[in-house]
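First up is the structure itself, then whatever we jot down about it.
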Amino acid sequence: MSTHPETLALHAGWRADPATTAVAVPIYQTTAYQFESPEHASDLFGLRALGNIYTRIMNPTTDVLEKRVAALEGGVAALALSSGQSASALAVQNVARAGDNIVSSTDLYGGTWNLFANTLKDQGIEVRFVDPQDPEAFARATDDRTRAYYAETLPNPKLRVFPIAEVAAIGRRFGIPLIMDNTAAPLLVRPFDHGAAVIIYSLTKYIGGHGTSIGGMVIDGGNFDWEANPARQPLLNTPDPSYHGAVWSQAVKPLGPIAYILKMRVTLLRDLGSAISPFNAFLILQGAETLALRMRAHCENASAVVKFLSGRPEVARVIHPSTATGVDAERAAKYLPRGQGGMIGMELKGGKAAGLAFIKALKMFYHVANIGDTRSLAIHPATTTHSQLSADEQLATGVSDGYVRLCIGIEHIDDIVADLAQALDAAGG
Ligand code: PLP
């Protein structure tokens, strides 16, 4: 099989339907699967054989999506879920329980921040936030109960590229996996190539690409030794009473290095039930076929918009990896040589009033909470996506009053620039 993403996005994980020879991936809209015999059923439940049991836990349409995205990232196996939010929650809960902690970058999507600062905290999992500018901050925040590191590659809204290799190497020193949310940068960077152990996605964004379906995914890099330090990773190395005492790092060894992701499927997904529907998996697969073309167009258009905004007097600052300086610029060059993403932040000199006036004046851009759609999108985070955060928390995540987030689509660049120009004229300085 090719290693080119353009080809993998069309061919990985599927040739034709074994039952009908259909070329397009069918939507297997079924809840259950007929077992061949009582022995077969028992083997499936006992993990002595792999196969379909029930669509909450696996589905043939979803299976193709899992294989395809895993192939794009160079992972060994993946688990699709009902949303990106569910992917981040399960990625952490798979290794951490009450009394444990993880260390996370401060540069996070607002929803992930809330999950970490409130919901996981209520469940007894402490999240220690550190500034990724200094990778060693992860080491300093680590103690005996630290189970994972967590970060976003191209964090929205700060858009500072995360030092993946640096933090992954620190984690490996301690036996701690780095979980990377790569939602904003599919194909632009492959975090496994830099030492990350787990990748999560909101498929809702660039991978699906068309703003039709919510979905999430966790991908196992198969590159992390979960057994090396059993005391560090007890959930993978002690008997699991919810699965007749299975020790996950041992139980599935014959199936390959998939202990982390298989455990998540047969315990957390089984119990918490955040399954993706086969129909959404199908729609996201359709979108993913053109991921390479779209990412190229998003990046080219965004570069042109950065140039345009940099010349406008109303704009105090344009935030994009290409405008970074110092160590941030070095990281942007190191990790994003293939394109620096479709998201742009701009800080308007007129603060909140100008930000809101700009949003109101937009004609073609959609005013939505989403990112990664084919269409151009805009939002004022301080009054929307980040409004549940305190003022200090907003600033820590990079949101000021005048910040407007733009997610540049694949329309003709002249139309994108024309809409921005007239909205800036209307909003004023
Ligand atoms: N991660 C990032 C970087 C996001 O931007 C989002 C959503 O905006 C999520 C995770 C959550 O994804 P979902 O909306 O699919 O639950």
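Just so it is clear, the model here is predicted, and its values are computed rather than measured. Only heavy atoms go into these numbers, but all of them, side chains included; no hydrogens, no water, no symmetry mates. In each ligand, atom 1 is the first atom listed, and ligand 1 is the first ligand listed.
Taking a 4.0 Å cut-off on heavy atoms, Gly215 registers as neighbouring ligand 1.
Ranking protein heavy atoms by distance to atom 1 (N) of ligand 1, first place goes to Asp181 OD2, 2.6 Å.
Using the six-membered ring where Trp is involved, Phe138 and Phe162 have ring planes that are perpendicular, over 60° apart on the 30 and 60° scheme.
Residues Lys334 and Ala165 share a closest heavy-atom pair of NZ-CB, 4.1 Å.
Using a 4.0 Å cut-off between a side-chain N of Lys or Arg and a carboxylate O of Asp or Glu, Asp415 and Lys363 do not qualify as a salt bridge.
When only modelled atom types and interatomic distance are considered, Thr55 and Tyr33 share a side-chain donor-acceptor pair under 3.5 Å. No hydrogens or angles considered: a donor-acceptor pair under 3.5 Å links the side chains of Thr146 and Asp143.
On a distance-only criterion, Gly84 and ligand 1 share at least one N/O pair closer than 3.5 Å.
Proximity annotation for atom 14 (O) of ligand 1: of Gln85, Lys205, Met343, Glu152, Lys205 comes nearest, heavy atoms only.
Interface of Ser83 with ligand 1, defined as ligand atoms under 4.0 Å from a residue heavy atom, comprises 15 (O), 16 (O).
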